[in-house]
There are 2 protein chains.
Amino acid sequence: MKNNNKPLTLKKVAEILNCSTATISNAFNRPDQLSAALREKILTECKRIGYHGPNLTARSLRKGESGVIAVLLTDSLAYHFTDPVANQLLQGISEVLEKNNKQLLMLSSATNAQQTSGIEALPDGFIVYGSQDHNPLFERVVQQGKPIITIDFDIDEYPSVNIDNQQAAFDIANHVLEKKPESPAILGLRLIHSDRVCRITDDELFDENESISRRRLDGYLKAAEQHNYQIKSNRIWHVPKNTYELAKQAAHEALTSHPLPDCLICMSDNIASAALNIAREMNIRVPEQLKIVGFDDIPEASRLSPPLTTICQKSREKGKTAALKLIQGKLQDKTILPSQLVIRSSS
Amino acid sequence: MKNNNKPLTLKKVAEILNCSTATISNAFNRPDQLSAALREKILTECKRIGYHGPNLTARSLRKGESGVIAVLLTDSLAYHFTDPVANQLLQGISEVLEKNNKQLLMLSSATNAQQTSGIEALPDGFIVYGSQDHNPLFERVVQQGKPIITIDFDIDEYPSVNIDNQQAAFDIANHVLEKKPESPAILGLRLIHSDRVCRITDDELFDENESISRRRLDGYLKAAEQHNYQIKSNRIWHVPKNTYELAKQAAHEALTSHPLPDCLICMSDNIASAALNIAREMNIRVPEQLKIVGFDDIPEASRLSPPLTTICQKSREKGKTAALKLIQGKLQDKTILPSQLVIRSSS
DNA sequence: TTGAAAGCGCTAACAC
DNA sequence: GTGTTAGCGCTTTCAA
């Protein structure tokens with residue numbers, strides 16, 4: 001099974017089959033350039049001698065395309081594998097790529113921090129997930145002049161796939177505030193730049209910022225206003241990353257703060273799930289004593305007890321849409337995908 | 001921001017900076033070949049004019065290495081993103097790759113089914129996850145003669161990373177059978193080749209097969225024997241893939257079968273989680289009326305109610321180990337990682 | 001320390 | 001329908 005010979009090259013194959021390299025190349029790339037019979041014969045022969053087609057590196061150097069699509073992620077790859085939302089997104093992307101015979105290369109700014117590998121030259125296109133401020137790799141990607149589509153954030157010149165985060169956030173906050181909780185609090189994701197779980201301050205509250213977190217926060221606060229709530233900045237927690245550990249920490253802080261919240265509006269299902277967990281540990285009944293709502297509708301959301309009220313944002317669909325547009329070269333517009341309030345028993 | 005110019009080439013840069021291509025190349029690749037001052041100057045200059053280093057495709061064609069490591073997966077990529085175990089594995093792998101400035105290429109047999117892209121020529125090494133019977137891509141990978149390490153299965157000539165599945169399965173079955181259930185059943189993963197959830201038959205029961213599923217089954221049955229249980233083949237369900245939907249289906253079938261099982265030995269936490277879910281729906285109390293144990297110790301396992309008794313197999317560590325060995329060229333041995341029975345309240 | 005040049009494996013334009 | 005060949009961008013040997 002093991003193999004230590006060098007793989008065959010097109011040139012050698014041409015020698016063996018006693019014809020020119022162009023003919024072999026054509027057999028693989030341009031069926032119309034030679035007779036079907038000859039092509040068939042060459043292909044069979046190649047299979048027999050163990051030549052599986054042209055080398056990607058050489059072909060890509062020559063043609064300037066590789067069949068590889070890259071996903072550019074903000075954080076470390078490892079983190080994105082833990083995040084259920086990123087996961088669904090990647091599912092959607094890879095479904096489309098596989099169907100279209102494209103390869104998936106995962107790129108993160110974490111990798112190329114110091115040494116540049118030049119990897120950005122390889123892919124034929126890029127799906128960029130999440131804000132890329134100060135990411136040097138992103139700048140090199142832009143330099144390639146290849147198709148780019150962004151997800152969950154916008155850059156003027158590039159097509160993007162998004163949902164209406166503000167409206168969705170408004171909807172879910174509106175839903176839960178209609179129940180007239182006495183002391184609502186917000187567990188927000190990536191609201192500020194700190195690495196720590198913490199509350200935010202008044203001057204941070206009205207930051208101008210186009211990130212999805214800020215749009216969601218705006219939606220929450222708009223709903224609060226309509227219901228005559230004033231949610232102060234010290235009732236808003238910042239969770240730096242969407243991990244279960246950090247979420248638990250924030251939930252614990254919130255549920256041991258005074259006044260005790262009877263309503264937690266969470267910016268991700270992951271955070272909501274952690275909050276549910278803490279509430280159970282503290283023997284706080286949900287939804288009777290505490291209402292909890294999430295965001296995203298990850299698969300786990302409907303399996304929790306109680307099942308989570310949340311915003312269904314079809315991350316998988318987002319991934320599929322972005323990948324499809326990229327592959328089909330439909331790179332004009334900004335796409336807004338629908339999202340939807342899903343009411344379950346946690347509220 | 002958008003860029004439509006072609007990226008600079010080393011040759012053009014040499015012209016602009018008025019020196020030879022070799023010097024530029026050396027500045028990037030071999031600092032010892034030129035004065036530090038000159039190198040510094042070249043690097044700064046390159047940055048200024050927007051040359052970010054040599055093109056990967058060309059460099060890789062020339063040097064025969066790319067800085068890319070591929071993970072070869074059995075199923076579709078999309079499936080592997082849904083599977084929490086694969087997920088943890090990929091986390092571990094990507095942690096190590098990022099630390100070592102390697103890129104991650106995800107390859108699945110699903111992609112290259114028909115058309116060959118030659119992608120297998122690019123990576124410097126391969127991490128192969130899960131049995132690769134009849135996978136044509138795997139054969140092409142082998143042909144490359146590049147380093148290969150396998151996870152969760154073995155091929156004689158190649159290094160591998162595994163756990164002792166039989167022992168682990170024995171341990172957990174032994175634990176739960178000590179409670180003297182009256183009617184234990186097994187929910188097994190990928191026991192046979194069928195696509196459907198179904199029970200297995202007597203002649204399939206003693207299949208000779210080196211897959212992890214069979215080793216686990218052997219462990220279960222060995223424990224059963226020691227406790228004088230005879231678990232018949234019609235008490236063993238086959239779940240074709242580790243998805244929640246299929247797991248629910250199997251759990252439902254098992255919990256509506258006669259005699260009603262009072263103990264479910266599940267081959268994955270995912271299956272156990274689904275079983276827990278069905279049990280709740282049917283108002284069967286766990287662990288009083290029904291004991292459930294899983295396998296893997298995925299993060300969710302400890303958050304379920306009741307928390308799941310399972311085998312902790314540190315998938316993340318498996319990924320890290322494999323990636324590290326591959327990168328460091330430690331390709332001699334078969335590694336068996338420890339695993340551990342974790343008793344929680346589901347049993 | 002630097003420059004010239006061969007060639008990695010392939011594709012496509014062009015000639016036959 | 002088939003063969004010849006330039007050159008994609010780079011690294012590295014060898015000579016200066």
Side-chain angles (χ1 to χ4, degrees), chain A residues 5-42 45-46 50-67 116-122 124 143-146, chain B residues 5-42 46 50-67 116-122 124 140 143-146:
Chain A
N5 307 331
K6 272 195 192 160
L8 286 166
T9 69
L10 195 150
K11 201 173 162 189
K12 278 189 218 147
V13 172
E15 270 172 37
I16 297 173
L17 299 197
N18 200 24
C19 63
S20 85
T21 58
T23 306
I24 310 289
S25 175
N26 284 334
F28 280 98
N29 299 306
R30 308 199 299 186
D32 54 311
Q33 296 293 304
L34 72 177
S35 69
L38 178 58
R39 174 160 191 260
E40 196 52 45
K41 194 192 129 202
I42 289 178
E45 212 49 16
C46 283
Y51 181 73
H52 302 290
N55 172 292
L56 176 81
T57 326
R59 155 187 259 174
S60 161
L61 175 58
R62 177 64 228 240
K63 303 222 298 179
E65 61 181 66
S66 61
T116 153
S117 78
I119 188 74
E120 67 275 8
L122 180 72
D124 299 333
Q143 292 264 344
Q144 301 299 317
K146 304 251 184 81
Chain B
N5 306 330
K6 272 196 193 159
L8 286 165
T9 68
L10 195 149
K11 200 173 162 189
K12 277 188 218 147
V13 172
E15 270 171 40
I16 296 173
L17 300 197
N18 198 25
C19 63
S20 86
T21 59
T23 307
I24 310 287
S25 175
N26 283 334
F28 279 98
N29 300 305
R30 308 198 300 185
D32 54 310
Q33 297 293 303
L34 73 177
S35 69
L38 178 60
R39 174 160 191 260
E40 196 52 43
K41 192 191 130 204
I42 290 177
C46 283
Y51 181 72
H52 302 290
N55 172 294
L56 175 80
T57 326
R59 156 187 260 176
S60 162
L61 175 59
R62 176 63 228 237
K63 301 222 299 180
E65 61 181 68
S66 60
T116 154
S117 78
I119 188 73
E120 66 276 7
L122 180 71
D124 299 333
R140 281 188 266 132
Q143 293 263 343
Q144 302 298 318
K146 303 251 183 79

Item to check | Atom NZ of B:K41: over 12 foreign heavy atoms under 6.0 Å | outcome: no

Checklist entry - Can you check the B:L34 CG to C:dG3 P distance for me, whole Å? => result 11 Å

Checklist entry - Rounded to the Å, how far apart are B:L17 CG and C:dT2 C1'? => result 14 Å

Next on the checklist: For the SG atom of B:C46 and the CG atom of B:L8, what is their distance to the nearest 0.5 Å?
Outcome noted: 8.5 Å

Item to check | Phosphate OP1/OP2 of D:dT11: any B:S25 side-chain N/O under 4.0 Å | outcome: yes

Checklist entry - Counting side-chain heavy atoms from CB outward, which of C:dA12, D:dT12, D:dC10 is closest to A:A22? => result C:dA12

Checklist outcome for this item: Which of C:dA6, C:dC10, D:dG1 is nearest the side chain of B:R62? It is C:dA6

Next on the checklist: What is the distance, to the nearest angstrom, from the NE2 atom on A:H52 to the P atom on C:dC10?
Outcome noted: 13 Å

Next on the checklist: For a side chain to side chain contact (heavy atoms under 4.5 Å, CB included) check, start with the C-alpha distance between A:L122 and B:L122, then their side-chain angles and the critical distance, and finish with the verdict.
Outcome noted: CA-CA 10 Å; A:L122 180 72; B:L122 180 71; 3.5 Å; yes

Checklist entry - Considering heavy-atom distances to DNA chain D, does B:N26 or B:L61 have its closest nucleotide positioned more toward the 5' end? => result B:L61

Next on the checklist: What is the distance, to the nearest angstrom, from the CG atom on A:L38 to the C1' atom on D:dT2?
Outcome noted: 9 Å

Checklist entry - Can you find a side chain N or O atom of B:Y51 that sits less than 4.0 Å from OP1 or OP2 on D:dC10? => result yes

Checklist entry - Quick check: does any side chain N or O of B:S66 sit under 3.5 Å from a backbone N or O of B:S60, one acting as donor and the other as acceptor? => result no

Item to check | A:R30 CZ to D:dT2 P, straight-line distance once rounded to whole Å | outcome: 14 Å

Next on the checklist: Please confirm whether the shortest side-chain N or O distance from B:N29 to OP1 or OP2 of D:dT11 is below 4.0 Å.
Outcome noted: yes

Item to check | Whole-Å gap separating P (C:dA12) and CG (A:D32) | outcome: 11 Å

Checklist entry - Are OP1 or OP2 of C:dG3 and a side-chain N or O of B:S20 less than 4.0 angstrom apart? => result yes

Item to check | Nearest-neighbour nucleotide for the A:A58 side chain, C:dC10, D:dC10, D:dT2 considered | outcome: C:dC10

Checklist entry - Is any side-chain N or O of B:T21 closer than 4.0 Å to OP1 or OP2 of C:dG3? => result no

Next on the checklist: Which residue is it: A:V13, A:N26, A:L34? I am looking for the one with a side-chain contact (heavy atoms from CB on, under 4.5 Å) to A:I42.
Outcome noted: A:L34

Next on the checklist: Nearest whole Å is fine: how far is C:dG9 P from A:E15 CD?
Outcome noted: 12 Å

Item to check | Rounded distance (Å) that lies between atom C1' of C:dA12 and atom CD of A:Q33 | outcome: 9 Å

